[in-house]
Protein chains: 2
Amino acid sequence: MARPRRYDHDALRGQTVEAAKRLLEEGGPTALTARALAKAVRTTPGTIYNLFDSMSAVLQEVNRQALVDLAMLVDSVRDTSPRDRLLALAEVYVSFMLDRREVWRAFFEGPRITGAFPDWYLAQIDGLIARIAQPVAALKPKGDPRLLAEQLLLSVHGIVALAAIERLDLITKQKPMDLAHAAVERMITAINAGAE
Amino acid sequence: MARPRRYDHDALRGQTVEAAKRLLEEGGPTALTARALAKAVRTTPGTIYNLFDSMSAVLQEVNRQALVDLAMLVDSVRDTSPRDRLLALAEVYVSFMLDRREVWRAFFEGPRITGAFPDWYLAQIDGLIARIAQPVAALKPKGDPRLLAEQLLLSVHGIVALAAIERLDLITKQKPMDLAHAAVERMITAINAGAE
DNA sequence: CAACGTTAATGAACAGTGTTCAATAATGGT
DNA sequence: ACCATTATTGAACACTGTTCATTAACGTTG
C-alpha cells in the first residue's frame, strides 16, 4: 500500500488561510470567492475543496485564528487595578477589531454555521468572558461577576459590531474607543453604587 | 403624446415589498432572490428591476418600512416616570426585533449601501434617539442626554444584533429582554450616582 | 527497477445568483 | 386608426459555490 504523500499539504492550507485573510481585508466578504482564493495560491477551486469542506470552513478557520490572536492580546493585559484592567481589555477588543474590520465583519455575517458550534469555539469565547469576569469580581459586586461580564461584553460588542460595518456614525459621532470606555466606567459606577 | 399608464404600478410595488418581507422571514437573507421575488408576485426578474434599481433597493425599502413600524410602536409608549418609559422603550425595541429577526438581520448585513444613506433614513434614526434622549433628560444627568441616549441604544443594540443572528447564546444564557432591562437600569443607576 | 495502489490536482460542468437589454406587447392620446 | 410611450418579457452575461470524473504524481511493494 502507498501512504498519503501530503508533501506541502499543510503549507498550502496555511497559505490559503493567509490569502483568505488578505482577500477579506482588501475587498470585504464578497471578495472571498473560491476562484479568487484558488488564484491567490496558484491552484484551482477543486483543490480548495480538497483542503476545506466548503467556503464556510475557510471562513471558520479565519475566525478561529482571529479568536486565538485576540486571546493572546487579552492575555498580555496585566494591570494592577480592576478598573485599569477592564479599560485595557476594552481597548484591546476595540483596537483589535478596528485593525481587522473585514475579518471581524465576516465573523458575524458569515453563512449560518450548521448546527452546533465547535467546542474550541465555545471554549475560546468562554475564556474571554472569564478574563473579563476576573476584574469584575475584584470589584466585589452583589451579583454574579460572570453575568455582569457578559453584559459588559455585549455593550462593547454593540459598538464594535456597528463600527465593523462602518455604520456606527448612523447613530453617533462618538468614537468607538470613547464609547467602550464609557461602557466600562458605567459598569464600575453601578457596582460601586451597590446596585449590581 | 401618450402619458404613462402606471395602472397597478404602485400596487405591484407594494405587493413586491410584502413578498420580500415574507421571503426574508421564511428563509432568511439568502431566500430573497430576484427570481423568487418575481415568482411570488407572478412576474419576471426583469419587472422587479423595473420597480427597483437593484435587489439592494428592495432590501432598503423593507428596512424603511421596518423603521417606520418601529417608530410607530415607539410613539405609542406613554409612561409616567422616565424609568418606566426607558424600560418600555427597550421592551419595544427588543420584542420588535424578536418578531422580525430575519428582516432585522438583513438590516445590518445587507449589501453595503453605496455612499451616503438617504436622508429619511438618517432622520428616522435621529428621531428614535431623540425619543430615548427625552426620558434620559428627565433624569437630569450631568452630561448631554443625547450622548447618553446613543450609548444606551448601542448597549441594547449589542444584545439585539447577536440575538437576531441567533448567536446570543454563544455569550450568555441570559434572555434578551432581561439583558436590555439590565442595560437600562445600569444607565439610570449611573446617572443617579451623579457619574454621568 | 517496474508495477501497483493510493492520493492529490485539475478543470469542466451544474445549478444557482444579480443584472442588462433587445424585442414584444399593451396602453392612452391624437 | 394610428402612433408614441411605456411595461413586460425572457434570453443572455458574468458571476457564485460546489461536485466529480479524469489525469497526473507519488510511495511502497514485489
Side-chain angles (χ1 to χ4, degrees), chain A residues 1-17 19-20 22-24 26-63 102 105-106 109-115, chain B residues 1-17 19-20 22-24 26-63 102 105-106 109-115:
Chain A
M1 284 195 208
R3 289 261 197 79
R5 49 174 163 154
R6 56 186 279 99
Y7 46 124
D8 57 349
H9 197 125
D10 291 4
L12 185 55
R13 221 186 119 96
Q15 289 171 32
T16 303
V17 175
R22 201 157 11 93
L23 286 172
L24 276 178
E26 287 170 5
T30 61
L32 180 57
T33 71
R35 289 168 180 81
L37 197 51
K39 180 169 288 184
V41 292
R42 291 213 166 65
T43 84
T44 55
T47 295
I48 302 295
Y49 277 80
N50 201 303
L51 299 173
F52 299 91
D53 285 349
S54 65
M55 288 302 291
S56 281
V58 176
L59 200 54
Q60 204 174 7
E61 178 61 21
V62 172
N63 287 349
E102 295 300 342
R105 186 182 163 198
E109 293 187 13
R112 187 76 105 264
I113 289 160
T114 62
Chain B
M1 282 195 205
R3 289 260 197 76
R5 48 175 165 160
R6 58 186 275 100
Y7 49 126
D8 60 347
H9 196 126
D10 291 2
L12 185 56
R13 221 186 119 95
Q15 289 170 33
T16 304
V17 175
R22 200 154 15 89
L23 287 172
L24 275 177
E26 287 170 6
T30 61
L32 179 57
T33 70
R35 288 168 181 81
L37 196 52
K39 181 170 286 184
V41 292
R42 291 210 167 66
T43 83
T44 54
T47 295
I48 302 295
Y49 277 80
N50 200 302
L51 299 172
F52 299 91
D53 285 349
S54 65
M55 288 304 290
S56 280
V58 177
L59 200 56
Q60 205 174 8
E61 177 62 20
V62 173
N63 286 350
E102 295 299 343
R105 186 183 162 197
E109 293 189 12
R112 187 75 105 263
I113 289 160
T114 61

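Because the structure is a prediction, the values reported are computed rather than measured. Basis for what follows: all heavy atoms, side chains included, without hydrogens, waters or symmetry-related copies. Chain naming here is simple, since letters A, B, ... match the order of the sequence lines and numbering starts at 1 in each.
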> Find the distance between CD (A:E102) and CG (A:L23) and round it off to the nearest 0.5 Å.
11.5 Å
> Just how far, in rounded Å, is P of D:dG17 from CZ of A:F52?
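Value for this atom pair: 14 Å.
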> So what does A:L32 hit on the nucleic acid, given a heavy-atom distance under 4.0 Å: a base, only sugar-phosphate, or nothing?
sugar-phosphate
> In whole Å, what is the span from the CG atom of B:D53 to the P atom of C:dC21?
14 Å
> Out of C:dG18, D:dT9, D:dG17, which has the shortest distance to the side chain of A:M55?
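Comparing C:dG18, D:dT9, D:dG17 against the side chain of A:M55, the answer is D:dG17.
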> Ignoring the backbone of B:R35, work out which of C:dA9, C:dT17, D:dG10 is nearest its side chain.
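For the B:R35 side chain, the nearest candidate turns out to be C:dT17.
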> In terms of the nearest nucleotide of DNA chain D, which residue is placed more toward the 5' end: A:T30 or B:R42?
B:R42
> Would one find a side-chain N or O of B:T33 under 4.0 angstrom from OP1 or OP2 of C:dT17?
yes
> Nearest to the side chain of B:Y49, heavy atoms from C-beta on, is which of C:dA9, C:dG18, D:dT8?
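For B:Y49, the side-chain atoms sit closest to C:dG18.
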> From CD of A:Q15 over to P of C:dA9, roughly how many Å is that when rounded to an integer?
12 Å
> Side chain to side chain contact (heavy atoms under 4.5 Å, CB included), that's the test. Do B:T47 and B:L12 meet it? Break it down for me.
CA-CA 10 Å; B:T47 295; B:L12 185 56; 4.0 Å; yes
> Please round to the nearest 0.5 Å and tell me the distance separating atom CG of B:L51 and atom OG1 of B:T16.
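Taking CG in B:L51 and OG1 in B:T16, the distance rounds to 5.0 Å.
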> Where do B:R35 and B:P45 come nearest, in terms of heavy atoms and distance?
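Of all heavy-atom pairs spanning B:R35 and B:P45, the closest is CG-CG, 3.8 Å.
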> In whole angstroms, how far is the C1' atom of C:dA9 from the CZ atom of A:R13?
17 Å
> Measuring from the side chain of B:N50 (C-beta onward, heavy atoms only), which nucleotide among C:dG11, D:dA7, D:dT9 has the closest atom?
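Given the options C:dG11, D:dA7, D:dT9, the side chain of B:N50 is closest to D:dA7.
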> Ignoring the backbone of B:A34, work out which of C:dT19, D:dT18, D:dT9 is nearest its side chain.
C:dT19
> Nearest whole angstrom, please: distance from the P of D:dT8 to the CG of B:L12.
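Atom-to-atom, B:L12 to D:dT8, this comes out as 6 Å.
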> I want to check one thing: is the phosphate of D:dT9, taken as OP1 and OP2, less than 4.0 Å away from some side-chain N or O of B:T47?
yes
> Select one nucleotide: of D:dT18, D:dT16, C:dG18, the one nearest the side-chain heavy atoms of A:P45.
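Nucleotide nearest to A:P45's side chain: D:dT18.
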> Could you tell me the separation between the CG atom of A:L51 and the C1' atom of C:dT7, rounded to a whole number of Å?
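Atom CG in A:L51 sits about 13 Å away from atom C1' in C:dT7.
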> Working note: B:L32 + B:V62, criterion side chain to side chain contact (heavy atoms under 4.5 Å, CB included); need CA distance, chi angles, decisive distance, verdict.
CA-CA 11 Å; B:L32 179 57; B:V62 173; 5.7 Å; no
> Grab the NZ-C1' distance between B:K39 and D:dG10 for me, whole Å please.
14 Å
> By nearest atom, which of the nucleotides D:dT18, D:dT9, C:dT10 is closest to the A:T44 side chain?
C:dT10
> Round to a whole Å and report the spacing from CG of A:L37 to P of D:dT16.
12 Å
